[in-house]
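Computation of the quantities below employed the complete heavy-atom set of this structure, encompassing side-chain atoms and omitting hydrogens, waters and symmetry-equivalent molecules. When a residue number appears, it is its place in the shown sequence, counting from 1. Predicted, not measured: the structure shown is a model, and the values here were computed from it.
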Amino acid sequence: MTIRLFDTMAGAVRDFVPLVPGKVGIYTCGPTVYSQAHVGNFRAFIFGDLLSRYLRYRGYQVTWVMNVTDIDDRIIKGANREGITIGELSEKYRKLLVADMETLGIRTPDVMPKATENIAQQVQLIQILLEKGHAYRTDDGSYFFRISSWPEYGRLARIDPEGMRVGERVEADEYGKDDVRDFALWKGPKPGEPSWDTAIGPGRPGWHIECSAMSMRYLGESFDIHTGGIDLIFPHHTDEIAQSEAATGKKFVNYWLHNAFLQLGTQKMAKSTGNIERVAEIVGRGVSRRALRLALMSAHYRSPLSFGEDSLQAASSAIERLDALMLALAAYRNDCPDDSTLPALLEATRGAFETALDDDLNISPALAALFDLVREVNRRLDARVLSTADAARTAAFIRDLDRVLEIAPEAETSLDADLQRLLDERAAARTARDWAASDRLRVALAERGILVEDTRDGQRWRRTD
Ligand code: AMP
Ligand code: ZN
């Protein structure tokens with residue numbers, strides 16, 4: 001079956017056809033690193049991760065690019081506030097971003113370009129726009145995109161350029177522009193602000209131009225998929241399209257995918273309202289990082305996601321069920337013939353999982369297929385109708401689906417020697433019915449992050465994360 005994706009430009013679900021067979025280029029608008037990202041931001045990045053993971057699972061060779069905005073007004077203000085340079089500020093928050101991404105199991109994007117490392121590409125794009133009559137310079141050395149030169153402006157956001165932005169407050173530093181609707185490509189130099197000396201004069205890039213320049217640098221003038229939160233449809237993505245297509249004369253992006261907001265209570269989670277929670281705080285409260293990932297992933301990306309204790313609780317208990325099953329499968333031994341109906345059960349699960357995700361990444365039925373399997377396999381383990389090989393086959397199957405979800409516990413086959421020795425001693429103590437020693441060793445292992453459980457197949461262990 002073909003994968004179908006909801007394209008904001010078309011306003012409809014479309015069959016996914018890559019520009020180059022077998023390959024997919026994806027660009028995700030990354031964060032502005034002026035403070036620590038909140039879990040609402042991570043909903044957007046986990047969506048990019050899920051999309052690229054699923055396309056990889058489906059056999060595509062994916063290039064996933066996610067930029068880091070490391071120059072804008074908020075960065076300059078933040079650096080002044082903290083008394084450090086913009087480079088120090090953005091690097092500090094970029095590192096925290098990468099650490100949180102790792103916590104959440106977000107695969108590192110293939111490229112994570114910084115705006116300040118792509119100044120030449122942005123300047124070049126502005127030069128082309130100048131040559132083609134789509135841009136102009138103002139007295140203070142700023143450059144603007146001339147909206148009246150681009151009749152297609154606004155299609156993505158379904159706005160009529162004729163009526164837009166009139167009456168909108170004009171930024172103090174944008175008084176010089178010819179038309180109130182025009183947007184900044186480049187900001188002229190100002191005292192106390194960082195500035196680059198370039199072929200179009202000194203100054204710094206605007207926000208929109210960086211995404212056009214970096215996406216086209218790494219994915220080509222036309223590429224497959226661009227993602228971001230719905231707040232980016234206008235003006236950011238609308239402006240990206242205008243800049244890119246006016247410069248190249250080619251279609252910029254084939255599929256525009258936008259995620260809905262994560263809400264805390266009834267409000268969008270946003271730094272501006274202070275209504276935020278961060279990854280480290282939540283994990284610090286003892287929520288497993290995989291439960292947090294699942295909670296952030298569990299609603300369809302185009303539906304608002306209500307975040308809170310209830311969603312974390314539900315995700316935590318789902319993760320516990322999955323962990324318990326993976327543990328049981330690893331320890332299970334039964335010397336009996338294979339269960340002849342297991343292959344059909346696994347096939348049906350895969351079919352339901354793929355059908356759901358093919359349908360515009362419909363995550364709920366995909367997760368339901370996995371957790372229905374968990375329940376059914378638990379039943380078969382209890383009834384001891386599965387063989388040792390069946391258990392291994394089922395674990396491998398779940399790990400295969402987990403290439404997309406990344407919520408299963410890490411497969412661990414070996415422990416370091418000290419921990420293994422403690423486990424062996426505990427097994428020996430149990431054989432000798434020395435319960436006091438066995439309990440003491442259980443505590444010693446727990447202190448080292450190893451949780452031991454006793455089952456009829458012997459003791460088994462997992463890491464507490
Ligand atoms: P920013 O750092 O504000 O540019 O945001 C980075 C990404 O996070 C953008 O794609 C935003 O659309 C997205 N984003 C911000 N807040 C939320 C939220 N509450 N829910 C979902 N996505 C969000
Ligand atoms: Zn962007």
Using only atom types and a distance under 3.5 Å, with no angle test, would you say the side chain of [X] pairs donor to acceptor with the backbone of [Y]?
X	Y	value
Q122	W186	no
R4	D359	no
D110	W64	yes
R302	A260	no

Does the side chain of [X] come under 3.5 Å of the side chain of [Y] through a donor N or O and an acceptor N or O?
X	Y	value
Y57	D400	no
N259	R43	no
T69	N67	yes
Y153	D239	yes
D73	Y34	no

Inset, instruction - Can you label the angle between the F145 ring and the H134 ring as parallel, tilted or perpendicular, going by 30° and 60°? - result: parallel
Inset, instruction - Mind telling me whether W256 and H258 have parallel, tilted or perpendicular rings, with 30° and 60° as the class edges? - result: parallel
Inset, instruction - Taking all heavy atoms of A246 and all of K132, pick out the closest pair and write down the distance. - result: O-CD, 3.5 Å
Inset, instruction - Mind listing the closest non-hydrogen atom pair of V287 and S316 along with its distance? - result: CG1-OG, 4.5 Å
Inset, instruction - Establish, for the pair R350 and F397, whether the NZ or CZ atom is under 6.0 angstrom from the six-membered ring centre and no further than 45 degrees off its axis. - result: no
Between [Y] and [X], does any NZ, NE, NH1 or NH2 come within less than 4.0 Å of an OD or OE carboxylate oxygen?
X	Y	value
E82	K92	yes
E406	R293	no
D418	R448	no
E245	R155	no
D100	R278	no
E117	R217	no

Legend entry - Heavy-atom check, side chain of F223 versus side chain of F252, under 4.5 Å: yes
Legend entry - W150 side chain reached by P161 side chain, heavy atoms, under 4.5 Å: no
Inset, instruction - State which residues pass side-chain hydrogen bond (donor to acceptor under 3.5 Å, both in side chains) with D70; sequence neighbours excluded, sorted by chain then number. - result: T116
Inset, instruction - Take atom CG of D15 as the centre, draw a 6.0 Å sphere, and report whether it contains more than 12 heavy atoms from other residues, nucleotides or ligands. - result: yes
Inset, instruction - Could you tell me the separation between the CZ atom of R460 and the CG atom of L451, rounded to the nearest 0.5 Å? - result: 10.5 Å
Inset, instruction - For a side chain to side chain contact (heavy atoms under 4.5 Å, CB included) with I225, tell me which candidate from D7, V62, L51, N254 qualifies. - result: L51
